[in-house]
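For reference, the structure is listed below as structure tokens.
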Amino acid sequence: MEVVILTDPAAVGVCVADAICRLFASKERVNLGLATGSSPLATYAELIRRHAEEGLSLKGMTAFMLDEYLGLPVGHPESYRTYLERSFVDLVDLPNDSLLGPDVATRRPDVACREYEEQIRAAGGIDLQLLGIGSDGHIGFNEPMSSLASRTRIKTLTEETRRDNARFFGGDVEAVPRHVITQGIGTLLEARHLVLIATGEKKAGCIQRALEGPIAAMVPATALQLHPHVTVVLDQAAAGQLALRGYHEETFRTKPDWQGL
Ligand code: GLP
């Protein structure tokens, strides 16, 4: 696991955008896993800027959703599909229908979960999966006590997550759906490269537990310790509680350029 500690969220966005651009330079078709929440916004903004100002093309990309709410009407402004369209996908040259996700409009969401797994597999797997982290240590919507071998499935959100996400629903916890579909932890561990982004002091505690704590279903993000290629990109504030902070900073400062993330 590589831990990169940068000055601020904008620098985090540039660093992760660099990694994505490197991937595009190395292969024609890229399967990119997209996360929601505020953490990846600086990365999306940087990719949008490069598209508008520097001619970056994302035509070769298929985008895969990490998770989605169940029970919101199609096109709801806070559905993750709408969020991703509004903050990234519609602002670059991604062909129509290139944003794939579980079908949450169906009456059989359990079947939709299996179909989504199949879609990921048929596309050849995800090259780079972006992740944020919840304050309770969740990745995607894999809440505490999620099986570390879990596949895409329906989950019930914790009260803590619904409170955290109420800010997107006018502060109303009751408006936040209780049920979601999320890629499972076992599914995520099959992506070839996992990039976890966290910024701000509020994330310092869960980042410390995820990176330095024992692997446990109670902190789902600890499962990242089992993956051979994980990059965690933090700002100073989110790295504030890491015991090995100095080591990570030294490692990154002395890293050869050609290595990439
Ligand atoms: C939601 C998403 C997660 C995300 C988390 C953190 O719960 N399902 O994928 O990591 O929010 O959000 P933020 O980046 O806004 O802190």
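Counting starts at 1 for both ligands and their atoms, following the listed order.
When only modelled atom types and interatomic distance are considered, Thr222 and Arg209 share no side-chain donor-acceptor pair under 3.5 Å.
Nearest heavy-atom pair across Ala210 and Ile133 is CB-CD1, 3.9 Å. Taking both residues in full, the closest heavy atoms of Arg153 and Ser146 are given as NH2-OG, 3.2 Å, listed atom of the first, atom of the second, then distance. For Tyr83 against Ala35, the heavy-atom pair with the smallest separation is CE2-O, 4.2 Å.
Using a 4.0 Å cut-off to heavy atoms of Leu66, the atoms of ligand 1 that qualify are 9 (O). Close contacts of ligand 1 with Phe141, meaning ligand atoms under 4.0 Å from a residue heavy atom, involve 1 (C), 7 (O), 8 (N). Residue-ligand proximity, Tyr80 to ligand 1, at heavy-atom distances under 4.0 Å covers atoms 1 (C), 2 (C), 8 (N). Each of the following atoms of ligand 1 lies closer than 4.0 Å to a heavy atom of Gly132: 10 (O). Those atoms of ligand 1 with a heavy atom of Asn165 less than 4.0 angstrom away are 1 (C), 7 (O).
Considering backbone and side-chain N/O atoms, Ile133 comes within less than 3.5 Å of an N/O atom of ligand 1. Considering both main-chain and side-chain atoms, Thr36 never comes within under 3.5 Å of ligand 1 through any nitrogen or oxygen pair. Considering backbone and side-chain atoms together, Lys203 places an N or O closer than 3.5 Å to an N or O of ligand 1.
Residue-level proximity to ligand 1 for Leu131 is absent, since no heavy atom of it falls below 4.0 angstrom. The parts of Ser38 lying near ligand 1 are both backbone and side chain, judged by heavy-atom distances below 4.0 Å. With a 4.0 Å cut-off on non-hydrogen atoms, Glu68 does not touch ligand 1 at all.
Among Ala35, Ser39, Gly140, the residue whose heavy atom lies closest to atom 9 (O) of ligand 1 is Gly140.
Nearest protein heavy-atom contact of atom 5 (C) of ligand 1 is His138 NE2, 3.8 Å. Of all protein heavy atoms, the one closest to atom 8 (N) of ligand 1 is Asp67 OD2, 2.7 Å. Given atom 12 (O) of ligand 1, the protein heavy atom at minimum distance is Gly37 CA, 3.9 Å.
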- [ ] Could you give me the CA-CA distance, side-chain angles and deciding distance for His248 and Leu242, then say whether side chain to side chain contact (heavy atoms under 4.5 Å, CB included) is met?
- [x] CA-CA 9 Å; His248 298 310; Leu242 290 178; 4.3 Å; yes
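For the side chain to side chain contact (heavy atoms under 4.5 Å, CB included) with Val195, the qualifying choice from Val16, Leu261, Ile20, Val4 is Val16, the only one to do so.
Proximity of a side-chain donor or acceptor of Thr251 to a complementary backbone N or O of Tyr247 within less than 3.5 Å is detected. Between the side chain of Glu2 and the backbone N or O of Thr231 there is no donor-acceptor pair closer than 3.5 Å.
Here the side chains of Val111 and Arg114 are in contact, with some heavy-atom distance below 4.5 Å. At least one side-chain heavy atom of Leu188 sits less than 4.5 Å from a side-chain heavy atom of Asn142.
At least one heavy atom of Arg167 sits less than 4.0 Å from an atom of ligand 1.
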